[in-house]
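This report refers to the structure that appears directly beneath it.
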Amino acid sequence: MAESTAQANQFAPLETTEAVQTISRPSLSYWQDAWIRLKANGRAIFSLYLVIGLVGFTLAGPVIWNVDPAAQDVDQISLPPGAARVVTLVPESSSWAGGSATGSGLHFAEPPTTQHVRLAWDAVPAAAEYRVYRTTYSIGPERALGLPLFETTETYFEDLLDLRPRNYFYSVVPIDTTGQEMDTFETIEGTLERVITESEARDRGLLLPGETAPMGTTYTLKWHPLGTDYLGRDMLARLMHGARVSLFIGFLAPILYVLFGVVYGSTAGFIGGATDQVLMRFADFVVALPFLLFMILFKVVFAVGPGESGIMPMLLAMVLLLWPATARLVRGQILQIREEGYISASRLLGAGTGYLVLRHMIPNTMGVILVTITFAVPSAIFTEAFLSFIGMGVAPPTPSWGSMCNEGIKTMLTTPHELIFPALFISITVLAFNLLGDGLRDALDARMRNRE
Amino acid sequence: MGRYAGKRIVQGIITVWFIATATFFAMHAVPGDPLSGEKAMTEQIQSNLKAKYGLDQPLMTQYAIYLANIARGDFGISFTQENRSVNDIIKEHFPVSATLGILAIFFAGLGGVLWGALTALYRNRLPDTIIMFLVILGISVPSFVIAALGQLSIVNLNDLTGISWLPIGGWGTVWHMIVPSLVLGLSTMAYLTRLMRSSMLEIVSADFVRTARSKGLPPTQIFTRHQLRNAILPVITVLGPSIAAITTGGFVVEIIFAIPGLGRYFVQAVQQLDYTVIMGTTVFYGGFLVIMVILVDLIYGLIDPRVRLE
């Protein structure tokens with residue numbers, strides 16, 4: 001039996017001869033881990049910079065480019081970016097009683113300017129009258145002569161109507177004694193020179209009081225980097241101020257309704273039972289409301305008074321209608337987390353309900369909530385743009401990207417820049433948030449990872 | 001299945017009631033009343049008009065009458081168009097919107113499934129990159145810009161060839177429908193493509209696909225019988241909400257292409273504050289969407305037996 005007796009020296013620790021393998025990597029928190037994964041995603045980081053740039057454009061832009069978005073520049077209406085801004089000083093317009101007949105057909109009696117276009121032509125023997133047309137497009141075989149300006153028995157005409165520094169095609173069609181247009185007509189093409197009179201130059205501040213300048217002096221008009229809109233307002237300033245509206249709604253609405261959804265959903269999920277059933281049935285009904293129809297309906301309900309921008313009603317309507325999706329999501333998460341081991345452990349250690357929700361449940365759903373907010377931002381921006389586009393959003397003159405698109409679409413064919421710039425800003429913003437949302441989802445939400 | 005369907009239908013009826021109630025009280029919270037418009041009228045005329053439209057009754061009586069009328073499918077008479085019933089307006093304009101919507105859903109579903117499957121098969125290769133780039137573009141560009149670009153491209157096509165291939169706007173023939181419905185379905189198509197791609201990627205590496213391949217089945221048969229049929233399931237679940245998105249998205253397309261649909265009419269009615277038309281259209285659309293979602297769920301139950309077990 002002596003062999004089985006344990007001897008004290010049998011249990012002496014062995015001499016350590018080599019280094020024990022240690023885990024050398026520092027432990028990372030959930031957020032540090034997520035940030036590392038996000039940084040590895042090039043597209044997401046690129047869109048993060050884009051978003052930061054947009055916020056900078058919105059906040060710092062109006063300070064750097066300090067132009068009133070409502071100020072009209074009547075000399076430069078619907079001008080694309082980079083258009084010529086040179087203007088020549090000319091004498092005040094005086095009445096014109098026709099030029100001398102030269103027998104050279106339809107011609108400009110004087111070089112055409114934005115002040116006036118003076119046309120003269122040869123008499124046609126059979127004609128009783130002449131009708132003058134103007135168009136900005138070249139005239140094809142279908143005889144699209146454009147806008148009929150005037151009918152005259154004389155052989156000259158002075159056009160003073162809304163002249164812009166661009167190409168015009170003038171046509172003169174003789175009319176016979178029965179009132180029918182004849183088949184033969186003459187067309188002339190001319191590019192108008194931008195001119196300004198002395199009194200106009202004084203009004204615009206180009207000529208100081210008491211200063212005089214010889215005729216033919218050229219001035220350069222105010223610079224509009226992205227051109228002007230149909231009322232001569234600076235596009236860049238309007239885009240910056242419009243970004244305030246779009247991003248304000250785009251950020252605030254999702255944050256507010258996601259917050260409400262989180263409170264609602266976590267209450268329902270944590271209490272459970274009949275309360276949960278009632279709360280979630282109500283959420284189901286709100287989901288079933290046709291969203292855009294009710295957005296428009298609410299816009300009527302919270303009537304926009306004169307002088308208001310209509311941003312607050314839109315914000316309120318979005319919060320009222322969009323919370324249920326988040327509530328459902330958070331409730332599902334809470335139900336899942338409630339069954340986890342660490343919750344039971346915490347409960348065993350005497351944690352109260354409030355502590356459990358705030359310390360364990362909300363932080364563990366933060367990832368999902370953050371992803372939801374990121375994806376909600378572009379859809380809120382879209383909704384604002386859509387409503388402003390159909391005229392149910394912000395009230396003019398408050399600029400928003402959507403209402404700018406609405407104004408720009410009317411002149412899409414002639415001055416596309418009025419539509420392109422706001423549309424581009426909406427698209428880039430939405431794109432940036434979508435890509436950022438994808439990246440965040442991959443980084444934060446382990447379940448959704450690698451699905452695409 | 002019968003029990004499931006019954007439960008969904010009861011839920012649907014309650015939902016429509018909720019929509020109708022929300023609409024009713026929302027409209028009654030509008031400041032002013034429909035008759036205090038721009039025209040000055042005597043007390044007598046005003047009270048007669050109020051009696052005609054039932055506005056002299058207490059609110060709850062009005063609500064009861066309104067619900068009873070809706071239950072009978074009667075949405076009342078328009079305020080701005082004399083003696084024209086809302087039912088007539090819906091009957092006239094809804095088929096146009098529905099045709100447009102069905103075509104758009106058709107394009108979106110077909111395109112989404114095809115492009116999605118294609119990108120999954122060519123994962124991380126050139127076709128995948130190109131299609132996914134277009135998809136991101138389709139999701140990021142607002143519908144009205146797409147509609148405007150669609151119209152612009154018709155103009156340019158007609159201009160360049162000198163023949164009017166397609167009309168720029170209006171409604172009537174099949175040719176009027178093509179571009180608007182494509183434009184309307186585009187963002188849904190982009191969304192469905194993404195969904196189809198991710199669901200297809202899961203299927204491509206599934207065990208049963210490997211089994212099918214090892215059995216020596218031809219690739220086309222694996223694609224149609226095993227991959228496509230299984231990958232399409234999640235796409236069908238979102239078709240219900242997509243119908244909702246497309247019907248309301250129709251507003252913009254109807255406005256831009258001058259299509260006489262219900263969406264355009266609704267926007268007009270809101271601008272003119274035509275109370276009965278606004279209420280009728282909202283309830284009608286709401287009911288229509290509820291029916292669509294139930295139908296999609298039932299179809300899903302038929303296709304995927306797992307749903308019925310829940």
Side-chain angles (χ1 to χ4, degrees), chain A residues 43 140-142 281-282 284-303 305 317 320-321 378 381-382 385-392 401-402 405-406 408-409 412-413 416 419-420 422-424 426-435 438 448 450-452, chain B residues 11-12 14-19 22-23 25-32 132 136-137 139-145 147-149 151-152 155 162 187 194 197-199 201-202 241 244-245 247-249 251-252 255-256 263-264 266-267 270-271 273 275 278-279 281-282 285-286 288-290 293:
Chain A
R43 287 204 301 190
E142 68 275 5
R281 278 297 88 74
F282 182 68
D284 285 348
F285 290 137
V286 179
V287 167
L289 296 176
F291 170 61
L292 283 169
L293 261 68
F294 266 78
M295 280 299 292
I296 296 172
L297 210 66
F298 278 136
K299 150 94 183 160
V300 181
V301 175
F302 311 122
L320 281 178
L321 289 172
I381 290 175
F382 256 0
F386 173 86
L387 288 174
S388 297
F389 181 79
I390 60 174
M392 303 279 163
W401 291 343
C405 282
N406 182 21
I409 208 160
M412 180 173 76
L413 286 175
L419 173 65
I420 289 170
L424 210 61
I426 296 176
S427 305
I428 289 174
T429 313
V430 171
L431 181 70
F433 275 102
N434 274 328
L435 292 180
D438 280 346
M448 300 295 284
N450 296 329
R451 290 215 40 198
E452 279 183 67
Chain B
Q11 270 176 6
I14 300 173
T15 311
V16 173
W17 165 80
F18 181 79
I19 293 171
T23 316
F25 288 104
M27 283 316 283
H28 277 265
V30 175
M132 287 320 282
I136 287 176
L137 222 61
I139 289 173
S140 305
V141 179
S143 58
F144 46 85
V145 175
L149 289 179
Q151 199 172 35
L152 197 64
V155 172
S187 60
R194 255 168 92 120
R197 180 174 183 269
S198 59
S199 108
L201 280 180
E202 269 171 29
T247 35
T248 40
F251 289 15
V252 160
I255 290 171
I256 290 181
R264 196 167 70 127
F266 178 76
V267 174
V270 170
Q271 277 155 356
L273 276 186
Y275 286 65
I278 299 174
M279 281 156 77
T281 320
T282 311
Y285 259 133
F288 173 73
L289 294 180
V290 167
V293 171

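Note: hydrogens, waters and symmetry copies are ignored here, and every other heavy atom, side chains too, is used.
- When each of B:I256, B:V290, B:V293 is checked for heavy-atom pairs under 4.5 Å with chain A, B:I256 comes out on top.
- For A:I390, the parts sitting under 4.5 Å from any heavy atom of chain B are the backbone and the side chain alike.
- Partners of A:F382 under the ring-ring contact (aromatic ring centres under 6.0 Å, His included) rule, at least two apart in sequence or in another chain, do not exist in this structure.
- A distance of 4.5 Å separates CZ in B:R194 from CG in A:D438, rounded to the nearest 0.5 Å.
- Atom-to-atom distance recorded for B:I278:CD1 and A:I296:CD1 is 9.5 Å, nearest 0.5 angstrom.
- Residues B:T282 and A:L297 share a closest heavy-atom pair of OG1-CD1, 4.2 Å.
- With a 4.5 angstrom heavy-atom cutoff, B:V145 touches chain A only via side-chain atoms.
- Interface summary for chain A: among B:G263, B:A148, B:G286, B:A22, the most heavy-atom pairs under 4.5 angstrom belong to B:A148.
- Under the salt bridge (charged side-chain N to carboxylate O under 4.0 Å, His left out) criterion, A:R281 pairs with A:D284, not counting sequence neighbours.
- Annotation: the span from B:S140 atom OG to A:I426 atom CD1 amounts to 11.5 Å, rounded to 0.5 Å.
- Inter-residue side-chain proximity for B:F251 and A:L387 is flagged as unmet; no heavy-atom pair is nearer than 4.5 Å.
- Residue B:I255 touches chain A through its side chain alone, counting heavy-atom pairs closer than 4.5 Å.
- In this structure, the portions of A:V286 lying under 4.5 Å from any heavy atom of chain B include both its backbone and its side chain.
- B:L137 does not touch chain A: none of its heavy atoms, backbone or side chain, sits under 4.5 Å away.
- Contact annotation for A:L431: both backbone and side-chain heavy atoms come within less than 4.5 Å of a heavy atom of chain B.
- Contacts between A:L435 and chain B at a heavy-atom distance below 4.5 Å involve the side chain alone, from C-beta outward.
- B:I136 has its side chain out of reach of A:N434: every pair of non-hydrogen atoms, C-beta onward, lies at least 4.5 Å apart.
- When heavy atoms are compared at a cutoff of 4.5 Å, B:F144 approaches chain A by way of both its backbone and its side chain.
- For A:F294, the part sitting under 4.5 Å from any heavy atom of chain B is the side chain, from C-beta outward, and nothing else.
- Using a 4.5 Å cut-off between heavy atoms, B:T281 contacts chain A through its backbone alone, with no side-chain atom that close.
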